[in-house]
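Written below as C-alpha cells is the structure these notes are about.
Everything numeric here is computed off the predicted structure, so don't read it as measured data. First the proteins, then the strands, lettered A, B, ... as listed; each starts at 1.
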There are 2 protein chains.
Amino acid sequence: TLRHVLLRFGEDWIFLFLLGISMAIISFGLDVTIAKLQRMNLWVYDSLNNYLYLQYFSWVLYHVLLMMISAGVAKYISPQAAGSGIPELKVTLRGVVLAEFFTFRTFVAKLIGVTCTLAAGSTIFLGKVGPFVHMATILATLLGKLMVKIVGAKENPSRKYELLIAGAAVGVACCFVAPVGGVLFSVEATATHFAVRNYWRGFFAATCAALMFRLLAVIKSERETVAVLFNTNWRVEFPFDLPEYFSYALLGVVCGCVCCVYLFLHRVTLLFLNNNERVGKLLRNNKIVYAALVSFILASITFPHGFGQYMGGTRLTMKEHLEMFFNNVTWGIEELSVNVSASRQPPNPSYDNNFLQWMHPNMSAIEKLAIFIVLKFFMLLLANTMIIPAGYFLPVFVYGAGLGRLYGEIMAKIFPEGIISEGINIKITPAGYALAGAAAYSGAVTQTLSTALLVFELTGQMSHILPVLIAVLIANAISQSCQNSFFDLIIIIKKLPYLPKLTMGRSSAHDIRAEDFMITDLLYLVKGFKYKDVRNLLKTSELRQFPIVDAEESKILLGTVSRKTLSKRLSDQLSTERRIQFMLNRG
Amino acid sequence: TLRHVLLRFGEDWIFLFLLGISMAIISFGLDVTIAKLQRMNLWVYDSLNNYLYLQYFSWVLYHVLLMMISAGVAKYISPQAAGSGIPELKVTLRGVVLAEFFTFRTFVAKLIGVTCTLAAGSTIFLGKVGPFVHMATILATLLGKLMVKIVGAKENPSRKYELLIAGAAVGVACCFVAPVGGVLFSVEATATHFAVRNYWRGFFAATCAALMFRLLAVIKSERETVAVLFNTNWRVEFPFDLPEYFSYALLGVVCGCVCCVYLFLHRVTLLFLNNNERVGKLLRNNKIVYAALVSFILASITFPHGFGQYMGGTRLTMKEHLEMFFNNVTWGIEELSVNVSASRQPPNPSYDNNFLQWMHPNMSAIEKLAIFIVLKFFMLLLANTMIIPAGYFLPVFVYGAGLGRLYGEIMAKIFPEGIISEGINIKITPAGYALAGAAAYSGAVTQTLSTALLVFELTGQMSHILPVLIAVLIANAISQSCQNSFFDLIIIIKKLPYLPKLTMGRSSAHDIRAEDFMITDLLYLVKGFKYKDVRNLLKTSELRQFPIVDAEESKILLGTVSRKTLSKRLSDQLSTERRIQFMLNRG
C-alpha cells in the first residue's frame with residue numbers, strides 16, 4: 001500500500017518533500033545547538049569576569065576542544081567527512097565515483113564535525129554551506145535507495161544524478177533560507193551542464209526546506225515572523241545615486257583583486273603543506289594536534305580582553321556579524337550618538353548589544369573594522385589548513401560583507417552629504433556596499449554569479465540589484481582571469497580528476513578539437529606481443545597502466561594492465577628458476 | 001586594428017556588451033514611441049469630449065488602424081515576424097533550422113509590427129516579451145556574423161547556440177529591466193539542457209541592457225531614479241501572516257485551474273481555425289481584414305464611454321495596469337477616502353490619476369475588477385487568434401496580477417482586520433496577492449518557475465518570496481499535469497518538430513528505452529527492387545517519403561525518395577507508350 005501511495009503521488013515529489021523537510025530540521029537543530037554552546041561559552045567567560053587568566057584559559061579551551069573533536073571525528077569516523085564536500089561532489093557529478101563519500105557513516109561524522117566547527121563561531125571563522133550540501137546529497141542518496149527499494153524500480157545513474165543536484169540545492173537553501181539562490185548556487189558550484197527539468201526538483205525541495213526552516217523558527221518563537229533573515233529597510237525610490245555605479249564597480253575591482261591574492265596565498269599554503277615532505281608528514285600524522293595548535297593561535301588572537309578588543313566583534317557569531325554589516329545605519333554616525341549617551345556603554349562588552357562589540361574607547365569602529373579585515377584575511381588562510389569538516393563559503397561571504405562595509409563607511413566619510421546628482425541629496429548607504437561586497441567577494445572566490453541572488457534573498461530587498469550585479473560581474477571577471485576557483489583549487493590539490501574551464505569571452509575555444517591536444521604516439525600491448533616486446537615496452541615508458549588491444553591494425557581496446565602486474569608476470573616467466581625448469585623439461 | 005582590439009578584450013564580451021546596449025536602446029525608443037502614440041489617442045479622444053459618436057469613431061479607428069498595419073507588416077514584409085517567436089526559437093535551439101527566421105527583414109517587420117501592437121495598449125492586450133526575444137536573437141545572429149567576419153574565425157554551430165541563448169536573455173531583460181529573472185526565464189522557456197558557462201553570457205548581456213535602459217530613463221528624466229520599475233514598500237518584518245501561506249497556496253490552485261481552462265480554450269480555438277476548411281481559408285486569405293474585425297470588436301468593448309466604464313482601466317496602458325495591481329493600497333479602503341473628497345473626482349476619467357479609472361458612481365472597484373477579469377479572459381483568447389507580431393507573456397502576466405489582486409481584495413474584505421496569528425494584527429496586503437497571482441498565472445501558462453523572480457525584480461522587494469514560490473509551484477504542477485505549455489501548444493499547432501516533456505515526479509521515465517516506442521516494421525526500398533516491389537510498396541503504405549537502403553540484410557540508409565517522385569517514375573517506366581516502345585523494340 002505504501003508503494004501504491006508513493007506511485008500515485010509520484011515518488012519523486014514525496015522524496016523531494018522528505019529531503020527538504022529533514023534537512024531543514026537538521027539545519028534548525030544544528031543552529032539551536034550551536035547557539036546554546038556559544039551562549040554557554042560566553043556565560044562562563046563572563047562569570048570569570050575578575051580572573052583574566054582564567055578567562056583566557058576558558059576562551060582558548062572552548063575553541064581548542066571543539067576543534068580537536070572536529071578533527072578527531074574526521075580522522076577516526078570518516079576521513080571523507082573532512083573539508084567542504086563541494087569539490088568532491090563536483091567530481092562525482094562529472095562521473096567519478098568516490099568511495100565512502102555517500103555513506104551514513106560520513107553523514108554522522110560530518111554532522112558532529114560541522115557542529116563543533118560552527119560552535120567555534122567567528123574565532124575559527126568557518127562555515128556551514130559545503131558540509132550541508134554534502135550532508136544533503138548523502139541524505140538524497142540514502143533516501144533514493146530506500147525509495148527504489150519500496151517502489152521496486154531499477155537504480156538508474158541519470159536518476160541518481162538528478163537526486164544529487166536536488167540534494168545540493170536543498171543544502172544551500174537550508175543554510176540561507178534562500179530557495180532560488182540556493183538552487184542556482186548549487187548548480188553553478190557543482191555542475192557544468194544542467195537539465196532544465198532538474199531545476200524544478202531543486203526548487204521544490206528547496207522551497208520545502210526553506211518553508212520548514214521558517215516554520216520551525218516561528219514555532220520555537222525565536223523569531224515572530226516568517227520573513228527574511230536580515231531585514232533591511234532602505235529607501236526604495238532613491239536607494240543610491242547614479243554616480244555610485246562607478247563606486248560599486250570599483251568595489252568589484254577591489255573584491256576581485258583581494259580575492260586573487262587570497263586564492264593565490266591559499267594555493268601556495270596548501271601546496272607547501274602537501275609538498276614539503278617533513279611538514280606534510282607531520283601534519284598528516286598529527287591532524288588533531290595540528291587543529292588544536294591552529295585553534296589555540298586563533299583563539300589567542302581573538303581573546304576579547306586581549307588583542308581581540310582592537311579587532312572588533314570577536315564575541316559575535318557569524319550570523320551576528322552579517323547582521324552588523326547589513327545594518328542600515330552608518331557606523332560613523334551611530335558611534336557618535338552612542339558616545340553621547342554614556343550610560344549605554346557597559347564596562348565590559350556583553351552580547352546584548354552587538355554594536356557595542358565594535359566600540360572602543362581609543363579607536364573608532366572603522367579602525368577596528370580595518371584591523372578585522374586585515375587580520376581575518378590571514379586567520380582564514382590559517383583556518384583553511386585544518387583538516388576538519390567545515391564550509392568555506394560562509395567565511396568568504398562574511399569577509400566580503402566586512403570588506404564592502406569598510407569600503408562603504410570610508411565612502412560615507414569622504415562624501416558625508418552623499419554624491420550629489422541632479423539636486424537630490426542622497427546619503428550613502430554603507431550597508432548597500434556590504435551587500436555588494438559579500439556578493440562580489442564570495443562570488444569571486446567560488447566563481448559563481450548567483451551569490452548576488454543569495455544576498456537579496458537574505459535581506460528581502462532587491463533595490464540594489466544592478467550595482468550588486470555589476471560588482472559581482474567585475475570581481476568574477478578579475479578572479480576568473482587570474483586564478484582557479486576555490487573549489488577547483490581543492491580538486492587540483494587533492495589530485496581528483498579536474499576538467500579545466502573553457503576560456504571565457506573568446507570564440508577560439510570553439511575551434512579546438514580533440515585531435516589538437518590528444519596524445520597520438522600511444523604505447524600499448526598487443527595480444528600477440530612476445531616477451532621481448534613487453535620488456536621493450538616496460539623499458540621505454542614510465543606509464544603505470546598499459547592498454548591492451550587486440551591487434552596492431554584494429555586497435556580495439558580489450559582492457560588495461562598495470563605496470564606492476566606486468567613486470568611481475570614477466571619476471572615470473574623469465575625468472576632463473578623458470579629458465580632452468582624450461583631447460584630441464586627440454587632436456 | 002579593430003580586429004586586434006576585439007581579440008584583446010575577448011570579442012565575446014564586446015559582442016555581448018553591444019547586444020545589450022543596442023537592445024536597450026531599441027526597447028527604450030519603442031517605449032517612448034508607444035507612450036507618444038497612446039497619449040495622442042487619449043488627447044484626440046478627450047478633445048472630442050462633447051461628440052460621443054466621434055469619440056467612438058476615433059477610439060475604434062485608432063485601434064483598427066494599428067492592428068491593420070501590424071497584420072499588414074506580417075503579411076507583406078515577413079510572415080516569420082508573426083506571432084511571439086519564442087516557440088520557433090525553442091525549435092531552433094533544438095537544432096531545426098527555420099528559413100528566414102533570423103534575417104534583418106524579419107527584424108524590421110517585427111519592430112514595426114510590435115510597435116503597433118503595443119501602441120494599441122490594453123484594449124488589444126498583447127505584449128512585448130516574445131517579439132523582443134525574437135528581435136534580440138536576430139540581432140545576436142547578425143552581430144555574430146559581423147564579429148566572425150571582423151575577427152576572421154570560422155562560424156561554429158555551438159557558438160551560434162550560445163549567442164542565441166544570450167540574445168534571448170537580453171530580450172527578456174529589456175522588457176522587465178530584470179537581468180536575473182530575464183536570464184532564467186529565457187533559459188526555461190527555450191532550452192531543455194543548458195551549459196552553466198552560457199549563464200554568464202546571459203547575465204553580462206542582460207546587466208548591460210538593464211543598466212542602459214535605466215540610464216536612458218534617467219537621462220530623459222522620465223524617472224529620476226535608477227531603481228526598480230514598480231516600487232512597493234511593504235512592512236518588512238511582518239509582510240504577511242503565517243496562516244496566509246494557505247491562502248497563497250489556494251491562489252496557486254485558482255491560478256492553475258484558470259490557466260488550464262485558458263490553455264484548453266486556446267487550443268480548441270486555434271485548432272478550429274486551423275482545421276475548419278472554410279474558416280481557415282478565409283482567415284489565411286484575409287489576415288488584415290480579420291485583424292481589423294477583431295480589433296473593432298475589442299475596441300468597441302473597451303470604449304471608455306460605452307461598456308468600458310463598467311470594465312475598469314480601459315484607458316490605462318499595460319504598465320499602468322501593473323502599477324495599479326502592485327500598488328500598496330487596499331482598494332476597498334482607498335475608494336472610500338476618494339469618495340469623501342469629491343473634488344478629486346473629475347467628470348470624465350482622465351489619465352492623470354490612474355485609480356480614478358477604476359472608480360464608478362454605481363459600482364465598486366472590486367466589481368469592476370471582477371468584470372475586467374471575466375471579460376479579458378475571452379478578449380485575450382480572441383486577440384490571440386490574430387496573425388500579428390505580438391507577445392503573449394505580458395498579457396498573462398498582467399491578467400494574473402489582476403486575478404491575484406481580485407483574490408487579495410476579496411480576502412481583505414473577508415478579513416478586514418487581517419488573519420490573526422499570535423496576537424499580532426497584520427492587515428492583508430492585496431498587492432502581495434497580485435504579485436503571487438502574476439507569477440503563478442504567467443508561470444503556469446508558460447510552465448516556468450522564474451516568473452517568481454521576475455516579479456521580485458520588478459518590485460524590488462523579496463519579502464514575499466516563499467508564498468509566491470508556493471503559489472507558482474502549485475499553479476505549475478496543476479498546469480503541467482493537464483496541459484502543454486503555451487509555447488509548446490503553438491509548436492504543436494504550427495506542426496513544428498515537438499519534443500514532449502518527460503513526465504515529472506516519476507522515476508519510470510528513466511526506464512523507458514528507445515526500443516519501447518520506436519517503429520520496428522519499417523517500409524523501405526531496397527536498391528535491387530523490381531517494379532512490382534515498388535508498386536506493392538506504394539499500394540501497402542501511405543508514407544510520403546520512403547527510405548532507400550542498400551540491401552535487405554545490412555539496411556544501410558542511402559537516402560529517401562518521395563512518394564510523388566517514385567510514382568511518377570514508376571508510371572513513366574510502365575506507361576502505355578513505354579510498353580508499346582518496348583514491344584516495338586523487341587519486335
Practice task
Among L449(B), N476(B), V472(B), L453(B), single out the residue with the greatest number of heavy-atom pairs under 4.5 Å to chain A.
Solution key: L449(B)
Exercise for the section: Check the surroundings of atom OH in Y161(A): do more than 12 heavy atoms from other residues, nucleotides or ligands lie under 6.0 Å from it? Expected result: yes
Practice task
Of all the heavy-atom pairs spanning Q447(B) and W200(A), show the shortest one and how long it is.
Solution key: O-CZ2, 3.8 Å
Practice task
Apply the test side chain to side chain contact (heavy atoms under 4.5 Å, CB included) to residues F456(B) and V180(A): give CA-CA distance (whole Å), side-chain angles for both, the deciding distance (0.1 Å), then the verdict.
Solution key: CA-CA 12 Å; F456(B) 295 120; V180(A) 183; over 6 Å; no
Problem - Separation of F204(A) CZ from I470(B) CD1 (nearest 0.5 Å) - result: 10.0 Å
Practice task
Please tell me if the side chains of Y199(A) and L184(B) come closer than 4.5 Å, counting only heavy atoms from C-beta onward.
Solution key: yes
Problem - Closest non-hydrogen atom pair, L473(B) against F203(A) - result: CD1-O, 4.3 Å
Problem - L211(A) versus chain B, the contacting section by heavy-atom distance below 4.5 Å - result: both
